[in-house]
Amino acid sequence: MIGTLLISVVWLLFTLAFFIFTTTHFALLFAVGSLIVWLWLVLSVYLVKGKIQCEIITENEIYKNEQMSYQLRVQNTSRIPVTYLQIDLVTEHLFTGRQESHQHDLSIRAKSTEEFSFVMPRNYMGQVNIRITQLTIKDSFTFFRSMQKMDTQSELLIMPNPYLLKLQHTEQNQHVLQTTGMIPTKKIGGEELVELSVYKPGDSVKQIHWKLSSKVDDVLVKQYETLTGNAVMMTIDFTSFTNRVALYDEFIETFSALLYSYVAGDHEVQLLVDHSTGEQLTIDNERGAANAIKEVLTRSVAQVSMSDEQWKKLRRTYPNCIVMTTNSARSTESQTIVVSDQKEGSIS
């Protein structure tokens, strides 16, 4: 604002001085022309202020390594075109708090709405907030400017790509699946039809196969076999996290690959996702694994970190629980996977 005022004053003084000390028709024309141009430039900036609306358009969620783009929908409701519009944005990784500033220079016609596409410069995972903080409107010669504060925002969830995880990481995690003691002894139950037999006294009427019995002379009943399989208890711990986006990506990829590995091995996974409330998720298929990863990506640091007391309670309550942690001090415990600055992806 001070720069705009200074330019206006200097220009006005120069025009007046030229008109006073140069007594010609050219000086008069110059003064009148300068006044008209000056008024147009000022009005083109200040009459537009408050009449520019911006909206951020993003996908709700995408996979990492896909084209991470967003669109800006800009509406100019004034009768004056904007030849130079500067939009200031901030992208923030919500888990780590990392922020990056960006600027986009656009132009937009009068009484129009236009969309502009941009590619995000970073390619990380997690929940990202894109926020417009300020609009700066400048005239054609960028002499004058007006600024408009804004707080328009949109959120984008960036997921690990499950297909790349299966190709790159599942085979690397087979030693975890085969490690002695890594699989708890809890069983999951189910039933499967194995044969039909002739009805005998004492058989349940509910098990009679009425449709098939109507076609033969005997009453047939269904015989089932009980199925059992291994259930895995897992949890995550971001205690001692250094807020590095690269480390966060490494942690989420390792966790996701391990989760998909267990599901592919027909294991049911009990995932403890909140240490303060004890909230758990039951995962037995790929869709459940994807939903669990989304749940983890939208959690805060406090929700996925364990205090020393919670750590001790977890080991007492679930001694066979597999823990993924960023705390290297806890790597001495069995069934602990450490992902940290010093020791990434190691298994104790």
Is atom NZ of Lys313 surrounded by more than 12 heavy atoms (other residues, nucleotides or ligands) closer than 6.0 Å? no
Any luck finding a side-chain donor-acceptor pair between Thr326 and Ser240 under 3.5 Å? no
Answer yes if Leu135 and Ile57 sit in the same cluster of Ile, Leu, Val, Met, Phe, Trp and Tyr residues linked by side chain heavy atoms under 4.5 Å apart, and no otherwise. no
Linking I/L/V/M/F/W/Y whenever their side-chain heavy atoms sit closer than 4.5 Å, directly or via other members, would Val128 and Val245 fall into one cluster? yes
Strictly below 4.0 Å, N to O, side chains only: are Lys294 and Glu61 in salt-bridge contact? yes
N-O pairing of Arg244 and Glu250 below 4.0 Å: no
With the threshold set at 4.0 Å, does a side-chain nitrogen-carboxylate oxygen contact exist between Glu253 and Lys64? yes
Hey, is CG on Asp105 packed in by over 12 heavy atoms from elsewhere, all under 6.0 Å? yes
Salt bridge or not for Arg299 and Asp274, using N-O below 4.0 Å? yes
Which value, rounded to the nearest 0.5 Å, describes the distance between Met233 atom CE and Asn320 atom CG? 11.0 Å
Please examine the side chains of Met120 and Leu156, heavy atoms only from C-beta on, and report whether any two atoms are closer than 4.5 Å. yes
Whether the Asn129 and Glu92 side chains hold a donor-acceptor pair (N or O, under 3.5 Å, no angle test) is what I'd like checked. no
Within 6.0 Å of CD in Gln71, more than 12 heavy atoms from elsewhere: yes
Would Thr282 and Gln270 satisfy side chain to side chain donor-acceptor pair (under 3.5 Å), going step by step from the backbone distance to the final call? CA-CA 5 Å; Thr282 300; Gln270 297 290 333; 3.2 Å; yes
Quick test of your reading of the model: are Arg330 and Asp308 salt-bridged, counting only N-O distances below 4.0 Å? yes
Take Phe251 and Val296 through the test side chain to side chain contact (heavy atoms under 4.5 Å, CB included) and record every step on the way to the result. CA-CA 11 Å; Phe251 188 98; Val296 171; 6.0 Å; no
With sequence neighbours left out, the residues meeting side chain to side chain donor-acceptor pair (under 3.5 Å) with Ser300 are Gln303
